[in-house]
Structures are given as structure tokens and as C-alpha cells.
Amino acid sequence: VIMSCPICFAASPVRAFVLPCTHTFCDRCAARFLWEKPACAVCRAPVISASPAWAVRNEPPESYAASILVVKHKGVTFEVDLDTNAHECAYERLSAMFQIPIDRLKLIQKGKLLPARGTPDLEDALRPGVMIQLMGSRLEQQLPPAPGPFRRIRLQMLALLALLSSWIRPVLSDPRAAVTSVLGGLALVARTGGLFLQSLVMRNHPRRDPDQDE
Ligand SMILES: [Zn+2]
Ligand SMILES: [Zn+2]
């Protein structure tokens, strides 16, 4: 299944997330708008959870051996998959998804700070399925533009560009045909205008019927 993130237009994001309203986003965009407000960026439906969208991801969960980290923020439960086959580090995964610099990211589970990344203690201490609390501030300047008026204008500009290019492309590929069609159009306009003027003149100065008596 091919999908593109409706916010950043990334095509077939490897780590897409699906919301209860069934709208799907790439992991960073989902993390970003849900971090600010627990509502879908497309339909505004309230969101309580975000789960891996296995249906649109490239790799099915069987070949992936994911352990699910349960990350809670502002009433939203993120089920973040961690590739255990690749020994993916929870710090790196959550830092990338939530755009929190890794040196400022603190993971707390059951009230305890998890061991530092890259240490063997981390995997032992991490309990998949047990809620993780994220501490740290996000890097806002690295994020794609927020949905809203700006995005609407951008979409309109893109649509306008597409329309313009659909007009310009035939002109570029066959200028003579385009000129002929424009001239044809102008001739039609001139002819219609001429007929209209003629009808006006006729109405104001009706032609006298020579056979009729005065
Ligand atoms: Zn995205
Ligand atoms: Zn939605």
C-alpha cells in the first residue's frame, strides 16, 4: 500500500502511524502535532492513541520483531515500535521521532530514569509495554511547517502551479498549435462580437422593406 504523509508529503514513510480516526502520518509529523494537541491534524478528531500503521509500512511485523514502547504524552499513548532484530536503541528511536536532542532526552519508566544509551543495562531495564515518560524539549526549528492557514496557502499555490504547468506544457511542446488555437479563439470572439454589434445596429435601424407602403 502506498500512502504519503498529508503533512510533509513523504511518500510511503517507513514508520507511519495510524490514529483511531484511521488517518495515517509519518512518525515525526504524528509526534509533532500530537505533542501540541491531542487531535488529528486532518479531521480534528480527538486522539487518545497512535499505533504503528503496519498496513502501509514496508516491513510486516513478523519480519521485524518489534517491541512496543508505550510512550504517554498529554493524554496520547504512542505505541512506538523498536526493531529488536537490529538492536535499535530506545533513545535514538524516540529522539528521532519526537525531535528531542539525544543528549537532552531523559526516559523515565516506573519513576526511574532509564540507564544511558549504548549501555547493556538499558535493554535489561527497558520493559516493553510499561509506560515511558519523555523528558526534554523539542527542536522546533527542524520540523516541517505546521498544518493550518500556511499549509492551505501552500496547497493552493501547488494546485495553481500544477494548473499553470498544464497550460504551459502544451505551448512549450507545440508552440505553433498553441498560437493557432489562441488565434482561432480570438477570431471566434471577434466574430461573435461582430454579430452582436450587427444585431444592435439592426435593432436601432430596422431595414425598410421596399415592398411595404410608407
Ligand atoms: Zn510527515
Ligand atoms: Zn483524522
Side-chain angles (χ1 to χ4, degrees), residues 1-61 63-86 88-105 107 117 128 131-163 165:
V1 181
I2 295 165
M3 64 81 69
S4 72
C5 174
I7 293 178
C8 67
F9 303 108
S12 288
V14 189
R15 290 188 140 169
F17 274 76
V18 63
L19 306 183
C21 58
T22 72
H23 285 121
T24 308
F25 303 88
C26 75
D27 59 346
R28 285 187 184 192
C29 289
R32 177 178 187 268
F33 67 77
L34 291 174
W35 187 270
E36 288 157 11
K37 195 180 161 199
C40 173
V42 170
C43 69
R44 307 278 164 205
V47 174
I48 52 161
S49 64
S51 316
W54 297 117
V56 301
R57 290 189 179 197
N58 291 333
E59 73 280 59
S63 69
Y64 190 67
S67 69
I68 299 295
L69 304 176
V70 181
V71 180
K72 207 157 184 179
H73 179 78
K74 278 191 187 169
V76 181
T77 304
F78 296 89
E79 291 175 357
V80 183
D81 56 297
L82 203 62
D83 189 346
T84 44
N85 279 352
E88 191 174 33
C89 172
Y91 278 93
E92 279 161 21
R93 173 82 173 106
L94 296 175
S95 163
M97 178 169 168
F98 289 91
Q99 295 285 282
I100 299 172
I102 204 156
D103 53 337
R104 282 197 258 155
L105 176 66
L107 302 182
R117 71 184 166 119
M131 196 188 80
I132 290 177
Q133 222 182 312
L134 288 184
M135 303 269 282
S137 50
R138 293 159 51 74
L139 277 178
E140 290 298 333
Q141 67 275 17
Q142 287 188 354
L143 298 167
F150 176 74
R151 190 174 119 72
R152 235 174 292 139
I153 290 167
R154 193 169 69 149
L155 286 176
Q156 282 165 359
M157 293 295 285
L158 285 174
L160 189 67
L161 280 177
L163 192 66
S165 77

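Every number for a ligand or one of its atoms is a count from 1 in the order of the listing.
- Inter-residue side-chain proximity for Tyr91 and Ile100 is flagged as unmet; no heavy-atom pair is nearer than 4.5 Å.
- The structure places SG of Cys89 at 12.5 Å from CG of Asp83, a figure rounded to the nearest 0.5 Å.
- Around the Zn ion (ligand 1), the two atoms SG of Cys26 and SG of Cys5 are separated by an angle of 120°, to 10 degrees.
- Salt-bridge annotation for Arg93 and Asp27: present, with a side-chain N of the basic residue lying under 4.0 Å from a carboxylate O of the acidic one.
- Expressed to the nearest 10°, the angle at the Zn ion (ligand 2) joining SG in Cys40 with SG in Cys43 is 110°.
- The SG atom of Cys29 and the SG atom of Cys8 meet at the Zn ion (ligand 1) at an angle of about 110°, given to 10°.
- A heavy-atom distance below 4.5 Å is not found between the side chains of Val47 and His23.
- No other N/O/S atom of His23 lies as close to the Zn ion (ligand 2) as ND1 does.
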